[in-house]
Amino acid sequence: MGDLIRSEEMVLCHLFIPSEAAYFVISELGEVGLLQFRDLNKNLQNFQRNFVRDVQMCYTMERRLRYIKSQVQESKIKIFTSPESAKARLSPNEITALKMQIKQAEIEIRRLTQNALDLKTYSLQLSEFKCVLQKAEEFLKKRDEIFGFDSTYKTSIDFLQVIGTDQLNFITGVVAKERVVAFETTLWRMSKGNAYFKREDIDEPLIDYTTGQKKYKTVFLVCCHGDKQFLKLLKLCEGFRASLYTCPTSHMERKRLIQSIDKRLDDLELVINQTDAYRRKFLFSVAQQLQHWTIMVRKIKAIYHTLNYMNMDVTGKCLIGECWVAVRDIPAVKQALADGSSSSISVSPFLYVVNTKELPPTYNKTNKYTKGFQNLIDVYGIATYREANPALYAIITFPFLFAVMFGDVGHALVMIIFALYLIRIEKKVEELQIRGEIFEIFFAGRYMILLMGLFSCYTGFIYNDIFSRPMNVFGSRWFVDFNRSTLAGNEDMELDPGVHYKGTPYVFGMDPAWGMKISIIIGVLHMILGLSLSIINYRHVNFHVTFNSDIRRYFNERHCIYLEYIPRLILLCTLFLWMVVMMFMKWIMFSASNTDVQFGTACAPSILVNFIDMMLVRRTTKAQFPGCNPYLFQNQPEVQMVLLLICALTIPVMLLGKPLYILYERKHHAKMSGMTDEASGQVVTENIEVNGKTTANEKPSETGSINAKDNDKNKAAGTDKTTANENPSETGSINARDNDKNKSVGADKTKEGTSDKKEAEEKENSESFGEIMILQVIDTIEYALGTVSHTASYLRLWALSLAHNELSEVLWGKLLSMGTANNGGYFGGLLMFLSFFMWMFFTVSILIIMEGLSAFLHTLRLHCN
Amino acid sequence: MKGCLFNIDSGYLEGLCRGFKCGILKQADYLNLVQCETLEDLKLHLQGTDYGAFLANEPSPLAVSTIDNKLREKLVIEFQHMRNQAVEPLSTFLDFITYSYMIDNIILLITGTLHQRPIGELIPKCHPLGSFEQMEAIHVASTPAELYNAVLVDTPLAPFFVDCISEQDLDEMNIEIIRNTLYKAYLEAFYAFCKEIGGTTADCMCENLAFEADRRAIIITINSFGTELSKDDRAKLYPRCGKLNPDGLAALVRAEDYEQVKAVAEYYAEYSKLFEGAGSNPGDKTLEDKFFEHEVRLNVHAFLQQFHFGVFYSYLKLKEQECRNIVWIAECVAQKHRAKIDNYIPIF
């Protein structure tokens, strides 16, 4: 578990590789996958780097592979996949061979596809021609109705012949259906109405093989008078991309032609089938290789990209790379280096550790169980190097907070079953590489879902809920002695703990007869939990700071404890812990069995009112009931005033303490270095160290870190938004949440406003000091607002659990009980069946999935806080 | 308030357009492009920009024309996406933008037919934004009247064409006249449309269109020297929605050589500047380039204001300029003619 608490220890290494062995070595290292290379050629453009030709070669190969893949998929051939992949340790000759292989395959496929296309296009033309002939026949059958003048001719004379002798020209052809209207109008305008146009749709769509899409087409027949117009119309047809077919004039000829076309079509189909079969066979053989090729090309490309990160030695014999590597992985890396160089002759490559002051990257080792949690934490932000990794306690707290909201044995069981199923098929999924965005999310979190299910099961027992039905396993320890008439007459009847309590608590969990009251207590408990969690969080960091002096400089120095941590703790304690203390006092001091009126249930003061009074520095003079004290104890207002004062005092400390300290340190430092020139890296934070040096290289990293911080903030805003978006899906039962949202939006705005103002003020000071000051201001305001909004957020936990409860209650009441209540024979059975089905469906869809997701999101948000 | 109402219909698209605008190449990108040795290098660099893998599926010996086509294709896809999402009045506005491409296409097709080119060869050269259903039937027409009656009457260009019907037949000269008359009618209609929309759109677009009109007037005048176009005919071609209208245009009608045109421009601060820097000596920028630069400046300004349609027009124009730049650089790289490679017009 040691590696979970903190990220791996990293060192910066220089890697020297003889250039002839570079490719192999990098290939080995790539298979091991334990190094993070740094780009040493940042100032160079992509196309100016050493191995750019090789990368371009890879691009070409990838392009060919893409084409092959598209063709294979088009023919619906399954691409052969295998889980294991070979190493990309290819010699230059092998790479060339691979290149040639891919190229040959591409050319062959292109040739075959072109052949098939030609044949198909020809067959398309033939079938269009056939359609034209058939439709022409139909047009001519109706000729008497169409042409009145035609009746003067004998019916035995063919219509088209007549047209021919009468200096009429006719055009027959096929045009795309969607263009036919425009075609007809233009044609009418061109001929000034002097052309006869007849069209008929072809019923079946014809496949246009160049695009592969089905297209509806229309056969048309145009008669016109005069050669000039005829030529014009021909041009028009060309303009509308009509394919023209000459229709024979006599009926007999047309019939003969149709027959011969039929025959040719049959022949053609045979040829097409043969070509297709051959093409399929070839594609099939290629499909076996395709995955292997793709992986190879990708690996080669990755290797050359890595090589592009490295510098060429002056002599050109050696490549120098810089990389981060985890200390414990160094032996494995060395082994890989040895493996990679075994084939080469000259100097073996070597790795050598460099001391650096730069902040190493964070690297958390994960296994399949912790990975889900680590990913979740990384969504919010990645801890800095060697900082305590929040994923550790998130493993427990995350499912727990989830469970608090979701507590229901029945629903939890469904989740557990789902998670177990996912875990069972784990191996199979990894082998088959089933892809799907949603599925992958669930799959990655399978262990998390299992834990969440188990925890919810537990809280479900505490809440005594199974599919939102109360369970009463051990029998309630509360009893009711009112009769029905009293209940009906008295609406705000409450169970009096003095009278109706049997005296011993319920065996396990919550007493079923309690309802909302307990929920409120649970809510308060969770506020305490949240508070203690955040305190632990601070402790965590500080503990490591003092404990591990080696890494001290990565964290804020000792002064931060005094100037940041303690004031924050005080702020938290004086306000919120005080509230909690008041609650406990209330529970202990006031009870129903107490004989003193002062401490009876009726006199219990409202904590909320007290708290609000405290914040507004107001005194409550009037008590709820005569004879009661509005406060818990005598001098409470005075104590509260003192607490509030302390709290107010902490704010300037938080705001100004650290920057002033840094300013002081820097002056001190400057004096020191002026005299002894050795005071570097003493107590000054990383920030100033970087600023102190004016080397051009270091500057960008500084601004980078600030940007990163900004990004984090944006990200936080982003997560806020997602929660806000989730809200409408709820039944809107919780007003507090909306209020909170507004508050946080408002808070954001004020935050921006103040930081802007501060920015303007600080500009007069030295720039770096101004930056520190701004960061501090932002930090402080964020913190102060954060405590308030977190408190509200934990209240939300309770609200959500209530919402979950209510929703499932509604479903139960409206659907299932309605179905089961009906006992009328077959019909009742059917109704019961249907209603159970619906109930199950809604339960699964709304409660388990939607509620689960929203609970998940809120838990995530709380953890982010 | 204006923003609220604007955003109901066009907020999404404006955001989208501004997002697209961020993908326009910066000066730093141009500096890198200029350093390219081959077109493959160019492709590699463009992969790192917003263009992404737009050339990834092209086989290796790249031609400049392929790059040109792909650039245009990408722009057209973006524009058409916006057009498909648009509602009134933005949709009409976007349609108006496409009309200028339609005019260009019509002229291209008529000229091509006049030179006996087959229609199949001409169609791929047409700008896809300006294509319309009857476009390919244009070559049937042999007189402007026929062109109007048979083909254009159904297109949105019909009202612009009314002034051209009187021309007798289609020859080189008349085609030029038709083009300019169409453009004049188009610009004036577009100008009126933008005025009608009002608000920031009118402020911004009228500025742009006025410049466009003046540029056309000046170019027409300069090009007409030494041709048989009479001064009266020339006057008919000037779009009357620019800043030159009416005094400047009247002066332009009287102009007889380049110097006199320059003298007219002297009266207008922004145009006199353009003429000052321009020259035909090697090393000098041409007047045309100067105009382009000014256009880019105006279009960049359009993005300074919000809640108006000008950004769509400006985005398209800027992107077109960018395509011209890339193609110019690509040509220079392909022909190993690096002396003039810096003659592109930077946008940001």
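Chain identifiers are assigned alphabetically (A, B, ...) following the order of the sequence lines, protein sequences preceding nucleic acid strands; residue numbering begins at 1 within each chain. Side-chain atoms are counted along with the backbone in the values below, which use heavy atoms only and exclude waters and symmetry mates. All values derive from a computational prediction rather than experimental measurement.
In this structure, chain A has a heavy atom under 4.5 Å from the backbone of B/Glu58, while its side chain stays farther away. Both the backbone and the side chain of A/Arg179 have a heavy atom closer than 4.5 Å to some heavy atom of chain B. Using a 4.5 Å cut-off between heavy atoms, B/Asp41 contacts chain A through both its backbone and its side chain. If you measure heavy-atom distances from A/Glu62 to chain B, you find no contacts under 4.5 Å at all. In this structure, chain B has a heavy atom under 4.5 Å from the side chain of A/Val52, while its backbone stays farther away.
Of the possible polar contacts, one joining the B/Asp29 side chain to the B/Lys26 backbone as a donor-acceptor pair under 3.5 Å is found. The closest donor-acceptor contact from the side chain of A/Thr60 to the backbone of A/Gln56 lies under 3.5 Å. B/Glu136 contributes no side-chain N or O that, together with a main-chain N or O of A/Arg241, makes up a donor-acceptor pair within less than 3.5 Å. At least one donor-acceptor pair closer than 3.5 Å links the side chain of B/Tyr186 to the backbone N or O of B/Phe96.
Here the CG atom belonging to B/Asn343 is positioned 5.5 Å from the CH2 atom belonging to B/Trp328, to the nearest 0.5 angstrom. B/His81 contributes atom NE2, which lies 6.0 Å from atom CZ of B/Phe20 (distance to the nearest 0.5 angstrom).
Proximity to chain B at a heavy-atom threshold of 4.5 Å picks out A/Ala182, A/Thr185, A/Thr186, A/Arg189, A/Met190 from residues 180-190 of chain A, in numerical order.
Ranked by heavy-atom pairs shorter than 4.5 Å toward chain B, the options A/Glu238, A/Glu178, A/Arg66 are led by A/Arg66. Contact count versus chain A (heavy atoms, under 4.5 Å) is highest, among B/Ile138, B/Ile123, B/Ile119, for B/Ile119.
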Would you check, one step at a time, whether the test side chain to side chain contact (heavy atoms under 4.5 Å, CB included) holds for B/Phe161 with B/Val151? CA-CA 11 Å; B/Phe161 202 79; B/Val151 186; over 6 Å; no
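With respect to B/Leu25, the side-chain contact (heavy atoms from CB on, under 4.5 Å) criterion is satisfied by exactly one of B/Leu33, B/Asp50, B/Asn32: B/Leu33.
Taking a cutoff of 4.0 Å between a charged side-chain nitrogen and a carboxylate oxygen, A/Glu108 and A/Arg111 qualify as a salt bridge.
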